[in-house]
Structure formats: C-alpha cells, structure tokens
Amino acid sequence: GSCQNGFWMNGSDVDACLVLPRCTLKQAWVTKLRLVQCLVERERFGTVEVVRAARVPVAKIFGAGGGELCDVSVNNVAALEN
C-alpha cells in the first residue's frame, strides 16, 4: 500500500482486507463489516461507521480520540496494491 509506494504520511490510516473465499455478495460483505463494527464497539476499541453505499462497502474504524485508524473491506485485495 501507501507505505510501500512512499505515499504514507504520519497520521495515515491503515487499509485492511478480510479475505473470505465464499463471501461473494455485496450484502454478505456488509454483514461481515457489521460484525467488525460489533466487535470493535463491544471491546471499546473505538467506533465504526459502515459505509454500505460505497462501490466496495467499507468499515471505517475510529479510535477513542476520533481519529481514523483503519478502513476494512471484504475481498477487495486489489485496493491493497494502492
């Protein structure tokens, strides 16, 4: 990603991708991202906004201080190259 190509900056968030071979439908991706949301919020790690309307749904994870920590997608391995 951005760390490898030199575009990383201090304060940049992390992009993560859950690779789930039998999870191929957009609605299934959203269900998995809601599970991520439940786990993050249950453990009081921060808050999560699930962006369902995006071309590739994503869970945006924010830390307790409000800063964006991580974007999580499902089976979007092409985005990891950027």
Side-chain angles (χ1 to χ4, degrees):
S2 61
C3 188
Q4 185 175 11
N5 66 23
F7 289 124
W8 177 85
M9 295 173 50
N10 190 17
S12 293
D13 69 334
V14 172
D15 292 325
C17 178
L18 300 174
V19 180
L20 306 171
R22 288 174 289 222
C23 189
T24 58
L25 301 175
K26 188 173 181 176
Q27 185 55 46
W29 299 344
V30 171
T31 300
K32 302 306 184 212
L33 295 174
R34 286 187 180 146
L35 177 60
V36 169
Q37 179 179 33
C38 289
L39 293 171
V40 168
E41 293 177 355
R42 182 186 76 189
E43 297 301 319
R44 297 189 172 130
F45 183 66
T47 60
V48 178
E49 175 189 359
V50 176
V51 183
R52 297 181 303 264
R55 184 180 59 79
V56 176
V58 64
K60 295 186 159 294
I61 301 175
F62 300 89
E68 189 173 356
L69 300 177
C70 183
D71 290 338
V72 180
S73 61
V74 178
N75 294 337
N76 187 28
V77 292
L80 298 178
E81 297 295 322
N82 295 326

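Counting begins at 1 with the first residue of the sequence. Because only heavy atoms are used, hydrogens play no part in the values below, and waters and symmetry mates are left out as well, while side chains stay in.
Both L69 and L33 are members of a single hydrophobic cluster when ILVMFWY side chains are connected at heavy-atom separations under 4.5 Å. Linking ILVMFWY residues whenever their side-chain heavy atoms come closer than 4.5 Å, directly or via other members, leaves V72 and V58 in distinct clusters. Cluster annotation: F62 is not connected to V40 through the hydrophobic network of ILVMFWY side chains, with a link wherever side-chain heavy atoms come within less than 4.5 Å.
Under the salt bridge (Lys or Arg N to Asp or Glu O under 4.0 Å) criterion, K60 pairs with E68, D71, not counting sequence neighbours.
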### Query
What do the steps show when you test I61 against V14 for side-chain contact (heavy atoms from CB on, under 4.5 Å), and what is the final call?
CA-CA 10 Å; I61 301 175; V14 172; over 6 Å; no
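Pairing each heavy atom of A53 with each of K26, the nearest pair is O-NZ, 4.5 Å.
To the nearest 0.5 angstrom, W29 atom CH2 is 10.5 Å from L20 atom CG. Going from atom NZ of K32 over to atom CD of Q37 covers 15.0 Å, rounded to the nearest 0.5 Å. Taking CZ of R22 as the start and CG of N75 as the end, the distance is 11.5 Å to the nearest 0.5 Å.
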